[in-house]
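Here's the structure, in structure tokens; my notes come after.
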There are 2 protein chains.
Amino acid sequence: MQFSKSTDYALHALIHLGHSERSNNVGIKELSLSLGVSESYLSKIMSKLRQDGIVRAVPGVKGGYELARAADQITFLDVIQVIEGRQQLFECSNTSSRQHQLLAEEGAAQRDQKRPREKVCLVEKVMDGAEQQLHQYLREHTIQTILDEAFKHCTREANKK
Amino acid sequence: MQFSKSTDYALHALIHLGHSERSNNVGIKELSLSLGVSESYLSKIMSKLRQDGIVRAVPGVKGGYELARAADQITFLDVIQVIEGRQQLFECSNTSSRQHQLLAEEGAAQRDQKRPREKVCLVEKVMDGAEQQLHQYLREHTIQTILDEAFKHCTREANKK
DNA sequence: TTTATAATGGATCTTCTATATCCAGAATAA
DNA sequence: TTATTCTGGATATAGAAGATCCATTATAAA
């Protein structure tokens with residue numbers, strides 16, 4: 001299980017946008033050159049980011065991409081969910097198997113009497129907990145986090161000389 | 001990004017083994033019936049678990065599988081790493097790209113002067129942090145965790161009647 | 001209004017991995 | 001020795017990721 005290359009490209013592209021001047025669009029050519037990916041492939045990824053409101057795109061001369069909101073309002077989780085999708089990390093494949101009859105608990109049955117009793121797999125419960133941990137961390141880190149870190153290292157280097 | 005079905009099968013198989021009597025091997029036939037997976041596919045997964053010392057396997061009449069150690073000594077992380085592999089969740093694809101020259105920091109260069117300076121991508125650093133969060137949680141949950149939970153629900157059901 | 005430029009989206013192609021099955025062979029307890 | 005059960009190699013298939021090409025659309029500037 002691994003994050004896709006597209007997620008890698010997306011994050012780095014957004015950092016590039018965050019780094020560039022405000023109201024100065026960055027074209028796909030410059031982005032692809034900076035990241036070392038083909039324009040055609042990267043443009044697919046940028047389209048996704050636009051459809052989800054992470055970036056804005058302007059066609060035509062002097063057009064290009066820019067962040068749709070402040071860099072500290074774009075979390076790692078946002079980006080990952082756009083590219084990787086929003087399915088949960090783990091889903092039981094055979095909820096009707098014999099073992100699940102035993103392992104499943106009556107989910108939310110106590111509180112909500114109306115719904116038909118939904119069985120929740122105990123394995124899935126643990127995995128969902130793990131996913132929440134992961135999401136928590138990814139929500140706390142933004143594009144701005146990276147920009148800040150990069151700036152720190154920059155000044156540190158400068159002080160040495 | 002999702003965990004594979006194999007991980008699902010592996011976890012459920014181990015729970016089945018943990019649930020059955022000690023020194024009573026469980027054959028692939030019983031396991032595959034319980035989980036609703038084909039014998040041939042499940043046996044591949046069990047082989048992996050055996051190679052990594054999670055289960056023991058005995059061929060021949062009355063043979064089968066059993067846990068190689070106590071259920072509370074088999075963590076979710078153990079199982080996942082056997083099935084999914086041990087590569088990190090995120091790896092930068094183009095460490096030689098232009099952007100990385102700026103984004104990378106000198107990794108461990110201060111402490112270990114001998115090594116050639118290895119650049120560590122700042123994006124990767126954040127993602128590695130996220131992975132550690134995930135691992136932490138998965139280390140804290142074992143096959144026994146599930147068995148205990150299942151037992152709780154069992155007695156709760158019994159008390160109702 | 002025209003034009004050069006840049007993003008968009010559909011179609012397609014390749015490669016790789018997850019999933020799955022089959023079978024011959026090895027190992028073991030009875 | 002034999003019946004049984006695991007093992008591992010070979011192979012097949014489907015679907016996703018990665019990647020490219022091109023016709024179309026949209027825009028700002030001349």
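All values below were derived from every heavy atom in this structure, side-chain atoms included, with hydrogens, water molecules and symmetry-related copies excluded. The sequence lines fix the lettering, A, B, ..., with proteins before strands; numbering per chain opens at 1.
When rounded to the nearest whole Å, the span between CG of A:Leu49 and P of C:dG9 equals 13 Å. Distance OH (B:Tyr65) to C1' (D:dT4): 13 Å, rounded to an integer number of Å. For B:Glu66 and C:dA29, the CD to C1' distance is 14 Å, given to the nearest whole Å. Rounded to whole Å, atom P of D:dC6 lies 9 Å from atom CG of B:Asn25. In this structure, A:Asp52 places its CG atom 13 Å from P of C:dT8, rounding to the nearest Å. One atom, CD1 of B:Ile28, and another, C1' of C:dT28, lie 17 Å apart when rounded to the nearest Å. Summarising the geometry, the separation between CG on B:Leu35 and P on C:dA20 is reported as 12 Å, rounded to the nearest angstrom. The separation between B:Ile45 atom CD1 and C:dA18 atom P is 12 Å, rounded to whole Å.
Considering only side-chain N and O atoms, B:Arg50 lies under 4.0 angstrom from the phosphate OP1 or OP2 of D:dT7. Considering only side-chain N and O atoms, A:Gln51 lies nowhere under 4.0 angstrom from the phosphate OP1 or OP2 of C:dT8. In this model, the phosphate group of C:dT28 is not approached by any side-chain N or O of B:Arg56 to a distance below 4.0 Å at OP1 or OP2.
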Q | Derivation and outcome, side chain to side chain donor-acceptor pair (under 3.5 Å), residues A:Ser32 and A:Tyr41 | A | CA-CA 9 Å; A:Ser32 95; A:Tyr41 192 50; over 6 Å; no
(Q) If you apply the rule side chain to side chain donor-acceptor pair (under 3.5 Å), what do you find for A:Asp78 with A:Thr75, and how did you get there? (A) CA-CA 5 Å; A:Asp78 291 333; A:Thr75 72; 3.1 Å; yes
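In this structure, the side chains of B:Cys92 and A:His12 come closer than 4.5 Å at one or more pairs of heavy atoms.
Under 3.5 Å, the side chains of B:Gln136 and B:Gln132 contain no donor-acceptor pair of N or O atoms.
Transitive grouping of hydrophobic side chains (ILVMFWY, heavy atoms separated by less than 4.5 Å) keeps A:Ile54 and A:Val58 in distinct clusters.
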Q.
Across nucleotides 15-30 of chain D, 5' to 3', mark each nucleotide with B, S or - according to how protein heavy atoms within less than 4.0 Å reach it.
A. ---BBBB----BBS--
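For the side-chain contact (heavy atoms from CB on, under 4.5 Å) criterion with A:Tyr65, the lone passing option out of A:Leu14, A:Leu31, A:Asn25 is A:Leu31.
A:Gln133 contributes no side-chain N or O that, together with a main-chain N or O of B:Tyr137, makes up a donor-acceptor pair within less than 3.5 Å.
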